Amino acid sequence: MTDSKKYLNTPLKTGEIVTYSLGSLGREISNNCINVFFLVYLNIYVGLNAIVLTVAFVLAKLWDTINDPMLATLINNTKSGKWGRFRPWMAVGALLNTVSLILMFTPLGADASTAGKYFYYIFMYVVWGMTFTMVDVPFWSMIPTIANTTDERNKVSSLSKLVGGFGGFVISSIGTSLILPGFESYEKGYLVLGISAGAMMFCFMSVTILCNREKYEIPNEKVGLKAIFEMFKSNDQLVAYAISYVLFVSATTIALFQILYLFVYCYPNGFNYFSNEFSYTVFTVVACTGQGIAMFFYSLLTKKIPREKIYGANYFMAVVGMAGLFLIFFILQPGNYWLNTVIVALAGAFLMTANGLNQIGSTVMIADVVDYGEWKTGRRGDSVVFSVQTLLTKFAGTIAMLILGIGIEVAGLPKVSERYDTELGKVIQEFVDNNGHVVDFTAGTGALTVLRVFMFLVPIPLCIAGYIVYKKKYDLYGAKYDNIKAEIEQRRLACDAVGAGEEISAEEASDAITESAAAEVQTEEKAAGEAADK
(Lines give C-alpha, C1' and ligand atoms only; values in the text may rest on other atoms or scores of the structure.)
Protein backbone atom coordinates (compact mmCIF):
# COMPACT_ATOMS: atom_id res chain seq x y z
CA MET A 1 0.00 0.00 0.00
CA THR A 2 1.31 3.46 -0.92
CA ASP A 3 2.08 5.80 1.98
CA SER A 4 0.84 9.07 0.47
CA LYS A 5 1.76 11.21 3.47
CA LYS A 6 5.42 10.23 3.07
CA TYR A 7 5.63 12.03 -0.28
CA LEU A 8 3.41 15.08 0.29
CA ASN A 9 6.36 17.50 0.52
CA THR A 10 8.53 15.69 -2.04
CA PRO A 11 8.59 17.63 -5.33
CA LEU A 12 8.52 15.68 -8.59
CA LYS A 13 12.03 15.44 -10.01
CA THR A 14 12.94 16.34 -13.58
CA GLY A 15 14.23 12.81 -14.16
CA GLU A 16 10.85 11.38 -13.16
CA ILE A 17 9.03 13.69 -15.57
CA VAL A 18 11.36 12.72 -18.43
CA THR A 19 11.27 8.97 -17.80
CA TYR A 20 7.50 9.02 -17.46
CA SER A 21 7.15 10.95 -20.75
CA LEU A 22 9.23 8.35 -22.61
CA GLY A 23 6.36 5.93 -22.11
CA SER A 24 4.21 8.27 -24.20
CA LEU A 25 6.83 8.07 -26.95
CA GLY A 26 6.56 4.27 -26.93
CA ARG A 27 2.76 4.15 -26.99
CA GLU A 28 2.55 6.72 -29.80
CA ILE A 29 5.08 4.76 -31.88
CA SER A 30 2.77 1.76 -31.64
CA ASN A 31 -0.33 3.86 -32.30
CA ASN A 32 1.10 5.74 -35.29
CA CYS A 33 2.57 2.58 -36.79
CA ILE A 34 -0.92 1.08 -37.06
CA ASN A 35 -2.75 4.29 -37.98
CA VAL A 36 -0.35 5.23 -40.78
CA PHE A 37 0.84 1.92 -42.23
CA PHE A 38 -1.54 -0.95 -41.43
CA LEU A 39 -4.34 -0.14 -43.90
CA VAL A 40 -1.80 0.73 -46.60
CA TYR A 41 -0.08 -2.61 -46.01
CA LEU A 42 -3.29 -4.66 -46.21
CA ASN A 43 -4.81 -2.74 -49.10
CA ILE A 44 -1.89 -2.00 -51.44
CA TYR A 45 0.38 -4.97 -50.79
CA VAL A 46 -1.75 -7.79 -49.38
CA GLY A 47 -4.54 -6.85 -51.81
CA LEU A 48 -7.53 -6.77 -49.42
CA ASN A 49 -10.59 -4.60 -50.02
CA ALA A 50 -10.32 -1.23 -48.25
CA ILE A 51 -14.07 -0.91 -47.58
CA VAL A 52 -14.28 -4.38 -45.99
CA LEU A 53 -11.25 -3.58 -43.85
CA THR A 54 -12.42 -0.16 -42.72
CA VAL A 55 -15.92 -1.44 -41.87
CA ALA A 56 -14.29 -4.13 -39.74
CA PHE A 57 -12.03 -1.53 -38.12
CA VAL A 58 -15.07 0.66 -37.41
CA LEU A 59 -16.81 -2.25 -35.68
CA ALA A 60 -13.64 -2.81 -33.66
CA LYS A 61 -13.69 0.84 -32.59
CA LEU A 62 -17.34 0.50 -31.56
CA TRP A 63 -16.32 -2.46 -29.42
CA ASP A 64 -13.77 -0.15 -27.80
CA THR A 65 -16.60 2.10 -26.59
CA ILE A 66 -17.78 -0.85 -24.49
CA ASN A 67 -14.40 -2.37 -23.73
CA ASP A 68 -12.61 0.82 -22.63
CA PRO A 69 -14.96 1.79 -19.75
CA MET A 70 -15.05 -1.84 -18.58
CA LEU A 71 -11.26 -2.07 -18.58
CA ALA A 72 -10.93 1.35 -16.92
CA THR A 73 -13.22 0.19 -14.09
CA LEU A 74 -11.28 -3.07 -13.76
CA ILE A 75 -7.96 -1.21 -13.57
CA ASN A 76 -9.30 1.34 -11.08
CA ASN A 77 -10.56 -1.47 -8.84
CA THR A 78 -7.22 -3.31 -8.86
CA LYS A 79 -5.69 -3.53 -5.40
CA SER A 80 -2.48 -1.54 -5.00
CA GLY A 81 0.43 -3.89 -4.29
CA LYS A 82 4.21 -3.59 -4.30
CA TRP A 83 4.22 -2.32 -7.89
CA GLY A 84 1.14 -0.14 -7.39
CA ARG A 85 -2.17 -0.32 -9.17
CA PHE A 86 -1.23 0.75 -12.69
CA ARG A 87 2.30 -0.45 -13.47
CA PRO A 88 1.46 -4.19 -13.61
CA TRP A 89 -1.23 -3.46 -16.20
CA MET A 90 1.17 -1.33 -18.21
CA ALA A 91 3.85 -4.05 -18.16
CA VAL A 92 1.51 -6.83 -19.33
CA GLY A 93 -0.16 -4.54 -21.86
CA ALA A 94 3.17 -3.40 -23.32
CA LEU A 95 4.36 -6.98 -23.79
CA LEU A 96 1.11 -8.15 -25.41
CA ASN A 97 0.90 -5.04 -27.59
CA THR A 98 4.46 -5.61 -28.82
CA VAL A 99 3.68 -9.22 -29.78
CA SER A 100 0.44 -8.26 -31.54
CA LEU A 101 2.20 -5.42 -33.40
CA ILE A 102 4.76 -7.84 -34.84
CA LEU A 103 2.11 -10.41 -35.78
CA MET A 104 0.07 -7.78 -37.60
CA PHE A 105 2.88 -7.28 -40.12
CA THR A 106 3.81 -10.95 -40.42
CA PRO A 107 3.08 -12.25 -43.96
CA LEU A 108 0.85 -15.34 -44.14
CA GLY A 109 2.35 -16.77 -47.31
CA ALA A 110 0.96 -17.58 -50.74
CA ASP A 111 -1.04 -20.59 -49.49
CA ALA A 112 -3.29 -18.53 -47.21
CA SER A 113 -6.82 -18.00 -48.51
CA THR A 114 -8.34 -14.54 -48.91
CA ALA A 115 -10.93 -15.31 -46.21
CA GLY A 116 -8.15 -16.51 -43.92
CA LYS A 117 -6.25 -13.27 -44.45
CA TYR A 118 -9.29 -11.17 -43.60
CA PHE A 119 -9.95 -13.15 -40.42
CA TYR A 120 -6.34 -13.12 -39.26
CA TYR A 121 -5.58 -9.43 -39.81
CA ILE A 122 -8.94 -8.18 -38.48
CA PHE A 123 -8.59 -10.41 -35.41
CA MET A 124 -5.07 -9.10 -34.79
CA TYR A 125 -6.34 -5.53 -35.13
CA VAL A 126 -8.90 -6.16 -32.38
CA VAL A 127 -6.23 -7.76 -30.17
CA TRP A 128 -3.87 -4.86 -30.77
CA GLY A 129 -6.61 -2.35 -29.84
CA MET A 130 -7.43 -4.13 -26.57
CA THR A 131 -3.77 -4.46 -25.56
CA PHE A 132 -3.16 -0.81 -26.43
CA THR A 133 -6.00 0.13 -24.08
CA MET A 134 -4.27 -1.93 -21.37
CA VAL A 135 -1.32 0.45 -21.76
CA ASP A 136 -3.14 3.70 -22.49
CA VAL A 137 -5.68 3.80 -19.63
CA PRO A 138 -3.26 3.07 -16.75
CA PHE A 139 -0.56 5.30 -18.30
CA TRP A 140 -2.69 8.46 -18.10
CA SER A 141 -4.40 7.36 -14.89
CA MET A 142 -0.98 7.13 -13.23
CA ILE A 143 -0.30 10.90 -13.41
CA PRO A 144 -2.19 11.83 -10.18
CA THR A 145 -0.31 9.08 -8.33
CA ILE A 146 3.14 10.50 -9.17
CA ALA A 147 2.36 14.25 -9.21
CA ASN A 148 0.51 15.83 -6.30
CA THR A 149 0.12 19.45 -7.43
CA THR A 150 -1.59 21.00 -10.45
CA ASP A 151 1.70 22.50 -11.64
CA GLU A 152 3.47 19.12 -11.50
CA ARG A 153 0.63 17.41 -13.33
CA ASN A 154 0.65 20.05 -16.05
CA LYS A 155 4.40 19.60 -16.55
CA VAL A 156 4.06 15.80 -16.79
CA SER A 157 1.09 15.84 -19.15
CA SER A 158 2.52 18.61 -21.39
CA LEU A 159 5.90 16.92 -21.83
CA SER A 160 4.19 13.56 -22.39
CA LYS A 161 2.09 15.07 -25.18
CA LEU A 162 5.17 16.69 -26.73
CA VAL A 163 7.33 13.57 -26.54
CA GLY A 164 4.44 11.40 -27.71
CA GLY A 165 4.01 13.59 -30.78
CA PHE A 166 7.66 12.91 -31.60
CA GLY A 167 6.71 9.23 -31.88
CA GLY A 168 4.92 9.90 -35.15
CA PHE A 169 8.08 11.42 -36.58
CA VAL A 170 10.23 8.49 -35.40
CA ILE A 171 8.07 5.72 -36.85
CA SER A 172 7.34 7.56 -40.12
CA SER A 173 11.02 8.20 -40.70
CA ILE A 174 11.88 4.54 -40.14
CA GLY A 175 8.82 3.17 -41.89
CA THR A 176 8.97 4.93 -45.23
CA SER A 177 12.58 3.94 -45.82
CA LEU A 178 11.53 0.31 -45.33
CA ILE A 179 8.24 -0.01 -47.20
CA LEU A 180 8.57 2.23 -50.26
CA PRO A 181 10.66 1.17 -53.29
CA GLY A 182 14.31 0.77 -52.43
CA PHE A 183 14.08 -1.85 -49.69
CA GLU A 184 14.68 -5.54 -50.44
CA SER A 185 10.96 -6.44 -50.48
CA TYR A 186 7.75 -5.06 -49.01
CA GLU A 187 7.15 -8.24 -46.94
CA LYS A 188 10.51 -7.99 -45.20
CA GLY A 189 10.19 -4.22 -44.96
CA TYR A 190 6.85 -4.34 -43.16
CA LEU A 191 7.99 -7.14 -40.87
CA VAL A 192 11.08 -5.13 -39.90
CA LEU A 193 8.77 -2.15 -39.35
CA GLY A 194 6.56 -4.16 -36.98
CA ILE A 195 9.52 -5.55 -35.06
CA SER A 196 11.17 -2.12 -34.79
CA ALA A 197 7.97 -0.40 -33.61
CA GLY A 198 7.21 -3.18 -31.13
CA ALA A 199 10.73 -3.16 -29.69
CA MET A 200 10.75 0.61 -29.25
CA MET A 201 7.31 0.57 -27.70
CA PHE A 202 8.29 -2.05 -25.13
CA CYS A 203 11.66 -0.45 -24.30
CA PHE A 204 10.32 3.07 -23.78
CA MET A 205 7.33 1.86 -21.79
CA SER A 206 9.68 -0.22 -19.62
CA VAL A 207 11.60 2.95 -18.74
CA THR A 208 8.39 4.49 -17.41
CA ILE A 209 7.47 1.37 -15.45
CA LEU A 210 10.92 0.90 -13.87
CA CYS A 211 11.79 4.54 -13.14
CA ASN A 212 8.49 5.79 -11.70
CA ARG A 213 6.54 4.62 -8.67
CA GLU A 214 3.05 5.47 -7.52
CA LYS A 215 3.36 7.78 -4.51
CA TYR A 216 -0.17 8.91 -3.81
CA GLU A 217 -3.40 6.99 -3.33
CA ILE A 218 -6.27 8.31 -5.40
CA PRO A 219 -9.92 7.31 -4.96
CA ASN A 220 -11.45 4.88 -7.41
CA GLU A 221 -14.04 6.35 -9.73
CA LYS A 222 -16.07 3.98 -11.85
CA VAL A 223 -16.44 4.99 -15.47
CA GLY A 224 -19.38 3.65 -17.46
CA LEU A 225 -21.53 4.56 -20.44
CA LYS A 226 -24.39 5.62 -18.16
CA ALA A 227 -22.16 8.13 -16.36
CA ILE A 228 -20.94 9.44 -19.72
CA PHE A 229 -24.48 9.97 -21.04
CA GLU A 230 -25.50 11.74 -17.81
CA MET A 231 -22.47 14.01 -18.07
CA PHE A 232 -23.42 15.00 -21.63
CA LYS A 233 -26.99 15.77 -20.58
CA SER A 234 -25.91 18.10 -17.78
CA ASN A 235 -22.88 19.79 -19.36
CA ASP A 236 -23.63 21.87 -22.46
CA GLN A 237 -19.99 22.93 -22.80
CA LEU A 238 -18.92 19.30 -22.96
CA VAL A 239 -21.34 18.84 -25.88
CA ALA A 240 -19.92 21.90 -27.69
CA TYR A 241 -16.36 20.73 -27.07
CA ALA A 242 -17.14 17.18 -28.20
CA ILE A 243 -18.76 18.16 -31.52
CA SER A 244 -16.06 20.64 -32.50
CA TYR A 245 -13.30 18.22 -31.44
CA VAL A 246 -14.73 15.26 -33.37
CA LEU A 247 -15.13 17.34 -36.54
CA PHE A 248 -11.55 18.66 -36.33
CA VAL A 249 -9.94 15.29 -35.57
CA SER A 250 -12.02 13.51 -38.25
CA ALA A 251 -10.94 16.07 -40.85
CA THR A 252 -7.23 16.04 -40.05
CA THR A 253 -7.13 12.26 -39.65
CA ILE A 254 -8.63 11.72 -43.12
CA ALA A 255 -5.94 13.94 -44.64
CA LEU A 256 -3.01 12.58 -42.62
CA PHE A 257 -3.92 8.91 -43.15
CA GLN A 258 -4.20 9.31 -46.94
CA ILE A 259 -1.04 11.33 -47.54
CA LEU A 260 1.04 8.16 -47.78
CA TYR A 261 -1.15 7.02 -50.69
CA LEU A 262 -0.29 10.18 -52.60
CA PHE A 263 3.42 9.55 -52.10
CA VAL A 264 3.03 5.98 -53.36
CA TYR A 265 0.88 6.81 -56.39
CA CYS A 266 1.34 10.49 -57.15
CA TYR A 267 4.91 11.44 -56.28
CA PRO A 268 7.31 9.56 -58.58
CA ASN A 269 11.00 10.26 -59.09
CA GLY A 270 11.62 13.51 -60.90
CA PHE A 271 9.00 15.47 -58.98
CA ASN A 272 11.29 16.48 -56.15
CA TYR A 273 14.90 16.65 -55.12
CA PHE A 274 14.88 13.38 -53.24
CA SER A 275 14.36 9.84 -54.49
CA ASN A 276 10.83 8.46 -54.15
CA GLU A 277 11.48 6.22 -51.15
CA PHE A 278 12.61 9.21 -49.05
CA SER A 279 10.05 11.80 -50.21
CA TYR A 280 7.56 10.96 -47.48
CA THR A 281 10.34 10.88 -44.90
CA VAL A 282 11.37 14.43 -45.77
CA PHE A 283 7.75 15.53 -45.69
CA THR A 284 7.28 13.94 -42.26
CA VAL A 285 10.46 15.51 -40.84
CA VAL A 286 9.40 19.03 -41.80
CA ALA A 287 5.74 18.56 -40.84
CA CYS A 288 6.48 16.96 -37.47
CA THR A 289 9.11 19.59 -36.72
CA GLY A 290 6.42 22.23 -37.13
CA GLN A 291 4.14 20.30 -34.79
CA GLY A 292 6.90 19.86 -32.20
CA ILE A 293 7.86 23.54 -32.23
CA ALA A 294 4.23 24.58 -31.82
CA MET A 295 3.69 22.20 -28.89
CA PHE A 296 6.96 23.21 -27.24
CA PHE A 297 6.17 26.93 -27.34
CA TYR A 298 2.45 26.60 -26.59
CA SER A 299 2.85 27.99 -23.05
CA LEU A 300 4.76 31.02 -24.35
CA LEU A 301 2.15 31.62 -27.03
CA THR A 302 -0.66 31.68 -24.49
CA LYS A 303 1.13 34.49 -22.63
CA LYS A 304 0.96 36.64 -25.76
CA ILE A 305 -2.25 35.41 -27.37
CA PRO A 306 -5.47 34.29 -25.61
CA ARG A 307 -5.64 30.52 -25.80
CA GLU A 308 -9.18 30.58 -27.23
CA LYS A 309 -7.79 32.45 -30.25
CA ILE A 310 -4.95 29.95 -30.59
CA TYR A 311 -7.42 27.08 -30.52
CA GLY A 312 -9.61 28.78 -33.12
CA ALA A 313 -6.54 29.34 -35.30
CA ASN A 314 -5.99 25.56 -35.36
CA TYR A 315 -8.96 25.18 -37.69
CA PHE A 316 -7.69 27.92 -40.00
CA MET A 317 -4.18 26.43 -40.22
CA ALA A 318 -5.56 22.95 -40.88
CA VAL A 319 -7.71 24.25 -43.76
CA VAL A 320 -4.74 26.14 -45.23
CA GLY A 321 -2.57 23.02 -45.01
CA MET A 322 -5.17 20.74 -46.61
CA ALA A 323 -6.02 23.25 -49.35
CA GLY A 324 -2.32 23.73 -50.07
CA LEU A 325 -1.66 20.00 -50.42
CA PHE A 326 -4.77 19.60 -52.60
CA LEU A 327 -3.57 22.27 -55.04
CA ILE A 328 0.06 21.15 -55.01
CA PHE A 329 -0.71 17.55 -55.91
CA PHE A 330 -2.66 18.80 -58.93
CA ILE A 331 0.06 21.08 -60.27
CA LEU A 332 3.31 19.24 -59.45
CA GLN A 333 5.69 19.47 -62.39
CA PRO A 334 8.67 17.17 -63.04
CA GLY A 335 12.01 18.86 -62.59
CA ASN A 336 10.90 21.56 -60.12
CA TYR A 337 12.87 19.76 -57.41
CA TRP A 338 13.23 22.27 -54.63
CA LEU A 339 9.99 24.12 -55.32
CA ASN A 340 7.87 20.98 -55.08
CA THR A 341 9.74 19.69 -52.04
CA VAL A 342 9.53 22.95 -50.08
CA ILE A 343 5.89 23.73 -50.87
CA VAL A 344 4.64 20.24 -50.07
CA ALA A 345 6.59 20.17 -46.80
CA LEU A 346 5.35 23.62 -45.74
CA ALA A 347 1.73 22.72 -46.45
CA GLY A 348 2.19 19.58 -44.35
CA ALA A 349 3.77 21.68 -41.61
CA PHE A 350 0.63 23.87 -41.47
CA LEU A 351 -1.53 20.77 -41.07
CA MET A 352 0.67 19.12 -38.43
CA THR A 353 1.18 22.36 -36.50
CA ALA A 354 -2.58 22.73 -36.26
CA ASN A 355 -2.80 19.13 -35.10
CA GLY A 356 -0.15 19.66 -32.40
CA LEU A 357 -1.71 22.84 -31.03
CA ASN A 358 -5.08 21.12 -30.97
CA GLN A 359 -3.71 18.23 -28.90
CA ILE A 360 -2.53 20.53 -26.12
CA GLY A 361 -5.39 23.01 -26.44
CA SER A 362 -8.04 20.28 -26.24
CA THR A 363 -6.40 18.86 -23.09
CA VAL A 364 -6.65 22.28 -21.44
CA MET A 365 -10.24 22.68 -22.64
CA ILE A 366 -11.33 19.34 -21.22
CA ALA A 367 -9.96 20.40 -17.83
CA ASP A 368 -12.00 23.60 -18.08
CA VAL A 369 -15.07 21.54 -18.95
CA VAL A 370 -14.53 19.58 -15.73
CA ASP A 371 -14.50 22.85 -13.75
CA TYR A 372 -17.67 23.98 -15.50
CA GLY A 373 -19.38 20.71 -14.61
CA GLU A 374 -18.45 21.15 -10.96
CA TRP A 375 -19.73 24.72 -10.97
CA LYS A 376 -23.03 23.81 -12.64
CA THR A 377 -23.89 20.49 -10.99
CA GLY A 378 -21.68 20.16 -7.91
CA ARG A 379 -19.91 17.15 -9.43
CA ARG A 380 -16.49 17.14 -11.10
CA GLY A 381 -16.34 13.72 -12.73
CA ASP A 382 -12.68 14.02 -13.83
CA SER A 383 -12.33 10.36 -14.81
CA VAL A 384 -15.64 10.38 -16.69
CA VAL A 385 -14.84 13.50 -18.69
CA PHE A 386 -11.27 12.45 -19.53
CA SER A 387 -12.53 9.02 -20.63
CA VAL A 388 -14.92 10.91 -22.92
CA GLN A 389 -11.93 12.51 -24.63
CA THR A 390 -10.46 9.07 -25.36
CA LEU A 391 -13.79 7.85 -26.76
CA LEU A 392 -14.16 11.00 -28.89
CA THR A 393 -10.70 10.47 -30.40
CA LYS A 394 -11.57 6.89 -31.28
CA PHE A 395 -14.95 7.91 -32.66
CA ALA A 396 -13.33 10.55 -34.87
CA GLY A 397 -10.79 7.98 -36.06
CA THR A 398 -13.67 5.65 -36.89
CA ILE A 399 -15.38 8.27 -39.06
CA ALA A 400 -12.11 9.09 -40.79
CA MET A 401 -11.27 5.45 -41.45
CA LEU A 402 -14.69 4.75 -42.98
CA ILE A 403 -14.41 7.72 -45.34
CA LEU A 404 -10.84 6.69 -46.12
CA GLY A 405 -11.84 3.15 -47.13
CA ILE A 406 -14.68 4.38 -49.34
CA GLY A 407 -12.40 6.87 -51.06
CA ILE A 408 -9.68 4.32 -51.74
CA GLU A 409 -12.05 1.78 -53.29
CA VAL A 410 -14.02 4.37 -55.30
CA ALA A 411 -10.71 5.60 -56.71
CA GLY A 412 -9.94 2.06 -57.91
CA LEU A 413 -6.26 2.31 -57.15
CA PRO A 414 -4.15 -0.59 -58.42
CA LYS A 415 -2.24 -2.85 -56.04
CA VAL A 416 1.52 -3.19 -55.78
CA SER A 417 3.18 -6.45 -56.78
CA GLU A 418 6.81 -7.54 -56.56
CA ARG A 419 8.93 -9.68 -58.85
CA TYR A 420 12.62 -10.45 -59.12
CA ASP A 421 14.21 -8.91 -62.21
CA THR A 422 17.12 -11.12 -63.31
CA GLU A 423 18.61 -8.44 -65.54
CA LEU A 424 18.62 -5.81 -62.81
CA GLY A 425 19.44 -8.37 -60.12
CA LYS A 426 16.88 -7.02 -57.64
CA VAL A 427 13.23 -7.05 -56.68
CA ILE A 428 11.11 -4.44 -58.49
CA GLN A 429 7.60 -3.27 -57.66
CA GLU A 430 4.84 -2.89 -60.26
CA PHE A 431 1.24 -1.68 -60.29
CA VAL A 432 -1.23 -4.49 -61.08
CA ASP A 433 -5.03 -4.62 -61.44
CA ASN A 434 -7.37 -6.99 -59.59
CA ASN A 435 -6.54 -9.74 -62.08
CA GLY A 436 -2.80 -9.42 -61.51
CA HIS A 437 -2.08 -7.73 -64.85
CA VAL A 438 0.57 -5.01 -64.91
CA VAL A 439 -0.97 -1.60 -65.59
CA ASP A 440 0.53 1.73 -66.63
CA PHE A 441 -0.58 3.93 -63.75
CA THR A 442 0.39 7.60 -63.90
CA ALA A 443 -0.29 10.62 -61.75
CA GLY A 444 -2.76 12.00 -64.28
CA THR A 445 -5.35 9.23 -64.04
CA GLY A 446 -8.90 9.87 -62.87
CA ALA A 447 -8.38 7.55 -59.90
CA LEU A 448 -6.08 10.08 -58.27
CA THR A 449 -8.61 12.84 -58.83
CA VAL A 450 -11.09 10.83 -56.78
CA LEU A 451 -8.47 10.20 -54.10
CA ARG A 452 -7.65 13.91 -53.88
CA VAL A 453 -11.33 14.78 -53.51
CA PHE A 454 -11.82 12.34 -50.63
CA MET A 455 -8.56 13.41 -49.06
CA PHE A 456 -9.08 17.16 -49.03
CA LEU A 457 -12.49 18.30 -50.29
CA VAL A 458 -14.31 16.13 -47.73
CA PRO A 459 -12.30 17.07 -44.60
CA ILE A 460 -12.12 20.81 -45.33
CA PRO A 461 -15.91 21.32 -44.83
CA LEU A 462 -15.71 19.18 -41.67
CA CYS A 463 -13.00 21.44 -40.30
CA ILE A 464 -14.99 24.58 -41.09
CA ALA A 465 -18.09 23.11 -39.42
CA GLY A 466 -16.02 22.31 -36.33
CA TYR A 467 -14.85 25.91 -36.09
CA ILE A 468 -18.42 27.22 -36.39
CA VAL A 469 -19.59 24.97 -33.53
CA TYR A 470 -16.62 26.01 -31.39
CA LYS A 471 -17.14 29.71 -32.07
CA LYS A 472 -20.89 29.73 -31.46
CA LYS A 473 -21.30 27.22 -28.62
CA TYR A 474 -18.10 27.08 -26.56
CA ASP A 475 -17.51 30.03 -24.22
CA LEU A 476 -15.36 28.86 -21.28
CA TYR A 477 -12.81 31.66 -21.47
CA GLY A 478 -12.35 35.27 -20.44
CA ALA A 479 -14.37 36.81 -17.62
CA LYS A 480 -16.97 34.02 -17.63
CA TYR A 481 -14.43 31.30 -16.92
CA ASP A 482 -12.57 33.45 -14.36
CA ASN A 483 -15.82 33.99 -12.47
CA ILE A 484 -16.58 30.27 -12.54
CA LYS A 485 -13.15 29.43 -11.13
CA ALA A 486 -13.47 32.06 -8.43
CA GLU A 487 -16.89 30.76 -7.41
CA ILE A 488 -15.60 27.18 -7.25
CA GLU A 489 -12.74 28.27 -5.00
CA GLN A 490 -15.21 30.12 -2.78
CA ARG A 491 -17.28 26.99 -2.34
CA ARG A 492 -14.25 24.87 -1.54
CA LEU A 493 -13.01 27.36 1.05
CA ALA A 494 -16.42 27.34 2.71
CA CYS A 495 -16.38 23.55 2.72
CA ASP A 496 -12.88 23.53 4.27
CA ALA A 497 -14.03 26.03 6.91
CA VAL A 498 -16.86 23.73 7.94
CA GLY A 499 -14.46 20.79 8.10
CA ALA A 500 -12.02 22.77 10.25
CA GLY A 501 -14.75 23.63 12.77
CA GLU A 502 -14.74 27.39 12.24
CA GLU A 503 -17.75 29.35 13.38
CA ILE A 504 -19.85 29.43 10.27
CA SER A 505 -23.50 28.57 10.14
CA ALA A 506 -24.69 25.53 8.24
CA GLU A 507 -26.92 27.77 6.16
CA GLU A 508 -24.00 30.00 5.18
CA ALA A 509 -21.83 27.00 4.33
CA SER A 510 -24.60 25.49 2.28
CA ASP A 511 -25.08 28.72 0.34
CA ALA A 512 -21.35 29.05 -0.29
CA ILE A 513 -20.92 25.47 -1.41
CA THR A 514 -23.93 25.02 -3.65
CA GLU A 515 -24.94 28.50 -4.81
CA SER A 516 -28.12 26.95 -6.20
CA ALA A 517 -30.81 24.55 -5.16
CA ALA A 518 -30.08 22.21 -8.03
CA ALA A 519 -26.42 21.88 -7.10
CA GLU A 520 -27.35 21.25 -3.47
CA VAL A 521 -29.73 18.41 -4.36
CA GLN A 522 -27.19 16.76 -6.65
CA THR A 523 -24.48 16.97 -4.00
CA GLU A 524 -26.77 15.31 -1.46
CA GLU A 525 -27.66 12.56 -3.95
CA LYS A 526 -23.98 11.88 -4.56
CA ALA A 527 -23.28 11.62 -0.84
CA ALA A 528 -26.23 9.27 -0.37
CA GLY A 529 -25.07 7.07 -3.22
CA GLU A 530 -21.55 6.83 -1.82
CA ALA A 531 -22.91 5.95 1.61
CA ALA A 532 -25.05 3.22 0.08
CA ASP A 533 -22.01 1.80 -1.75
CA LYS A 534 -20.04 1.67 1.48
Side-chain angles (χ1 to χ4, degrees), residues 17 21 24 140 143 147 149-165 235-252 288-321 349-376 380 382 385-386 388-390 392-393 396 463-489:
I17 297 175
S21 300
S24 183
W140 295 113
I143 289 180
T149 67
T150 301
D151 182 59
E152 287 180 346
R153 293 176 185 179
N154 287 339
K155 287 180 180 179
V156 172
S157 59
S158 297
L159 186 61
S160 296
K161 290 281 186 181
L162 176 62
V163 174
N235 194 325
D236 58 293
Q237 292 301 288
L238 176 60
V239 174
Y241 161 81
I243 295 174
S244 62
Y245 179 78
V246 166
L247 289 171
F248 178 89
V249 175
S250 298
T252 54
C288 289
T289 299
Q291 173 177 309
I293 292 173
M295 295 176 75
F296 185 81
F297 288 104
Y298 177 82
S299 296
L300 292 177
L301 286 174
T302 55
K303 293 179 180 179
K304 303 290 184 180
I305 306 171
R307 58 187 176 84
E308 63 271 14
K309 291 187 177 181
I310 295 176
Y311 192 80
N314 295 339
Y315 295 87
F316 173 75
M317 286 191 292
V319 169
V320 170
F350 263 91
L351 181 58
M352 291 296 287
T353 298
N355 190 53
L357 289 174
N358 181 269
Q359 286 185 37
I360 295 181
S362 62
T363 301
V364 175
M365 284 174 65
I366 203 71
D368 295 345
V369 168
V370 172
D371 289 335
Y372 176 78
E374 180 183 5
W375 172 79
K376 187 175 182 181
R380 282 190 65 80
D382 299 72
V385 177
F386 276 96
V388 166
Q389 187 183 36
T390 301
L392 291 176
T393 302
C463 215
I464 294 173
Y467 175 75
I468 293 173
V469 172
Y470 166 72
K471 193 69 175 175
K472 289 185 175 296
K473 299 296 183 181
Y474 187 85
D475 57 4
L476 289 182
Y477 46 80
K480 177 177 179 178
Y481 179 69
D482 291 339
N483 291 335
I484 289 174
K485 285 288 289 181
E487 193 169 323
I488 291 173
E489 291 300 323

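Since the structure is predicted, the reported quantities are computational estimates derived from the model, not experimental observations. Note that the numbering runs from 1 along the sequence shown for the chain.
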* Asked: How long is the gap from CG on Asp368 to NZ on Lys485, to the nearest 0.5 Å?
  -> 8.0 Å
* To do: May I ask you to check whether Asn235 and Tyr241 show a side-chain donor-acceptor distance below 3.5 Å?
  => no
* Nearest 0.5 Å please: distance from the CZ atom of Arg307 over to the OH atom of Tyr481. => 6.0 Å
* Over 12 non-hydrogen atoms of neighbours within 6.0 angstrom of OH in Tyr311 -> yes
* Structure fact -> Shortest non-hydrogen pair, Gly164 vs Ser24, comes out as CA-OG, 3.4 Å
* Distance in Å, Leu238 CG paired with Tyr372 OH, rounded so as to fall on 0.5 Å steps -> 10.5 Å
* To do: Nearest 0.5 Å please: distance from the CG atom of Asp371 over to the CG atom of Leu476.
  => 8.5 Å
* Distance (rounded to the nearest 0.5 Å) between Ile488 CD1 and Lys376 NZ -> 13.5 Å
* Do you know the tightest heavy-atom contact between Ala354 and Asn314? -> CB-O, 3.2 Å
* Just checking, any donor-acceptor pair under 3.5 angstrom between side chains of Tyr245 and Thr393? -> yes
* Start with the C-alpha distance between Thr252 and Met352, add both sets of side-chain angles, then the distance that settles side-chain contact (heavy atoms from CB on, under 4.5 Å), and finish with yes or no. => CA-CA 9 Å; Thr252 54; Met352 291 296 287; over 6 Å; no
* Any donor-acceptor N/O pair, Glu489 side chain to Ile484 backbone, under 3.5 Å -> no
* **From CZ (Phe248) to CG (Asn358), nearest 0.5 Å** => 4.0 Å
* Between Lys473 and Gln237, which heavy-atom pair has the shortest distance, and what is it? -> O-NE2, 3.1 Å
* Asked: Is Lys309 atom NZ crowded by more than 12 heavy atoms from other residues, nucleotides or ligands, each under 6.0 Å away?
  -> no
* To do: Could you check Met317 against Leu357 for side-chain contact (heavy atoms from CB on, under 4.5 Å), going step by step and ending with a plain yes or no?
  => CA-CA 10 Å; Met317 286 191 292; Leu357 289 174; 3.4 Å; yes
* Residues that Ser244 engages under side-chain contact (heavy atoms from CB on, under 4.5 Å), provided they are two or more places apart -> Tyr315, Val469, Tyr470
